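What follows is a single structure, written as structure tokens, with notes after it.
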Amino acid sequence: MSIDSIYVHKMWDDNELSKMVNGGVPFPMLSDAGGRVGKAFGIFDEDAGVETRGRFIIDPEGVVQGYEVLTPPVGRNISESLRQVQAFQVVRDTKGKEATPSGWKPGKLTLKPGPDLVGKVWEVWKTDMAFD
Amino acid sequence: MAEEMEVGCARPTGGPVGEEPSEEPVPGTQSGKESKPMIQVGKKAPDFVAPAYQKGKFISVKLSEYLGKWVLLCFYPGDFTFV
């Protein structure tokens, strides 16, 4: 979503993005004239008149589970966004019985929070697991 | 889900839907200033309607139509920049 019109979105997809992604961008490219939606999400830069790089993970109930906001010159890590969605899905699927510690990604150990785990995380989780 | 739009010469617009921002100034903030606090994790995302372009069609997208799915909503400064 940006302040550009849907016509500009089409031109960008037709002339550039479709050369990077086969068939063009598959998801909706949203237009936010005046930044009204960006303001509602708190990421609109009033001085520059554009949206900053805000990224929100919204769950099936419509609840914001996480967000990240960067100033324009630095791009995002899409893999990290997807990893976070996968982690929130694990938590949701287990109804919160499992949590995903630092560095978790699919296939890695999850933790089962409870009285038995207090003070014992060090026994099952090692710091090198925080890294890829 | 998203319906295709009839697009004329006017540029379609969208915006937040649902609760209007309260007129009462929140204590501790400047009254009359449009700035709002950052939305919070664990709280509902503000619903909105927005015109969109997708695969050759102009459509209208409403966030609440995606209830039941995970949504990754990305804002960016402008077309022809990276994401």
Side-chain angles (χ1 to χ4, degrees), chain A residues 1-13 16-17 23-46 48 50-67 69 71-72 75-76 78 81-82 85 88-89 92, chain B residues 1-5 7 9-21 33-83:
Chain A
M1 171 171 269
S2 75
I3 57 165
D4 299 281
S5 73
I6 50 177
Y7 311 117
V8 180
H9 284 342
K10 180 179 190 301
M11 285 297 113
W12 189 23
D13 193 45
E16 187 170 42
L17 298 178
V25 172
F27 47 77
M29 300 170 73
L30 305 166
S31 172
D32 184 24
R36 293 167 62 211
V37 178
K39 283 174 196 162
F41 278 80
I43 56 82
F44 186 73
D45 181 341
E46 300 273 359
V50 298
E51 327 271 33
T52 54
R53 294 190 195 279
R55 181 232 63 189
F56 297 81
I57 295 174
I58 302 168
D59 78 7
E61 255 74 60
V63 171
V64 175
Q65 292 293 345
Y67 59 77
V69 187
T71 53
R76 285 169 275 225
I78 307 301
S81 295
L82 295 176
V85 171
F88 282 118
Q89 288 174 337
R92 184 181 171 87
Chain B
M1 188 182 276
E3 279 178 30
E4 194 164 358
M5 278 192 307
V7 177
C9 287
R11 176 173 163 173
T13 58
V17 293
E19 306 151 46
E20 283 294 307
K33 191 97 201 280
E34 214 186 332
S35 70
K36 291 213 290 179
M38 190 73 196
I39 64 172
Q40 289 188 321
V41 291
K43 298 282 177 2
K44 280 256 184 189
D47 196 14
F48 63 83
V49 177
Y53 173 74
Q54 184 182 25
K55 303 280 260 174
K57 288 183 175 153
F58 292 127
I59 58 174
S60 178
V61 169
K62 190 177 188 186
L63 179 63
S64 53
E65 285 173 357
Y66 286 81
L67 287 172
K69 294 183 172 184
W70 288 86
V71 172
L72 201 58
L73 176 64
C74 282
F75 294 87
Y76 60 96
D79 287 351
F80 301 97
T81 73
F82 50 80
V83 175

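Predicted model only: the values in this text are computed from it and were never measured. To find a chain, count down the sequence lines: A is the first, B the second, and so on, and within it residues start at 1.
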Is it the case that the ring center of F75(B) lies less than 6.0 angstrom away from the ring center of F44(A)?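 Ring centres of F75(B) and F44(A) not closer than 6.0 Å.
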Would you check if the distance from the ring center of F56(A) to the ring center of W70(B) is below 6.0 Å? no
Verdict with supporting geometry, I6(A) and M5(B), side chain to side chain contact (heavy atoms under 4.5 Å, CB included): CA-CA 11 Å; I6(A) 50 177; M5(B) 278 192 307; 3.9 Å; yes
Who among A50(B), G42(B), P51(B) has the most heavy-atom pairs with chain A under 4.5 Å? P51(B)
Does any heavy atom of chain A fall under 4.5 Å from the side chain of [X], the backbone, both, or neither of them?
| X | value |
| --- | --- |
| L72(B) | both |
| T81(B) | both |
| F80(B) | both |
| K44(B) | both |

Candidate pair F58(B) and K10(A), rule side chain to side chain contact (heavy atoms under 4.5 Å, CB included), full reasoning: CA-CA 9 Å; F58(B) 292 127; K10(A) 180 179 190 301; 4.1 Å; yes
Does the side chain to side chain contact (heavy atoms under 4.5 Å, CB included) test come out yes or no for I58(A) and Y66(B), once each step is laid out? CA-CA 9 Å; I58(A) 302 168; Y66(B) 286 81; over 6 Å; no
Measure the spacing between CZ of R76(A) and CZ of F82(B) and express it to the nearest 0.5 Å. 9.5 Å
Quick one, Y67(A) and Q40(B) - any side-chain contact, counting heavy atoms below 4.5 Å?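 They are not in contact (no side-chain heavy atoms under 4.5 Å apart), so the answer is no.
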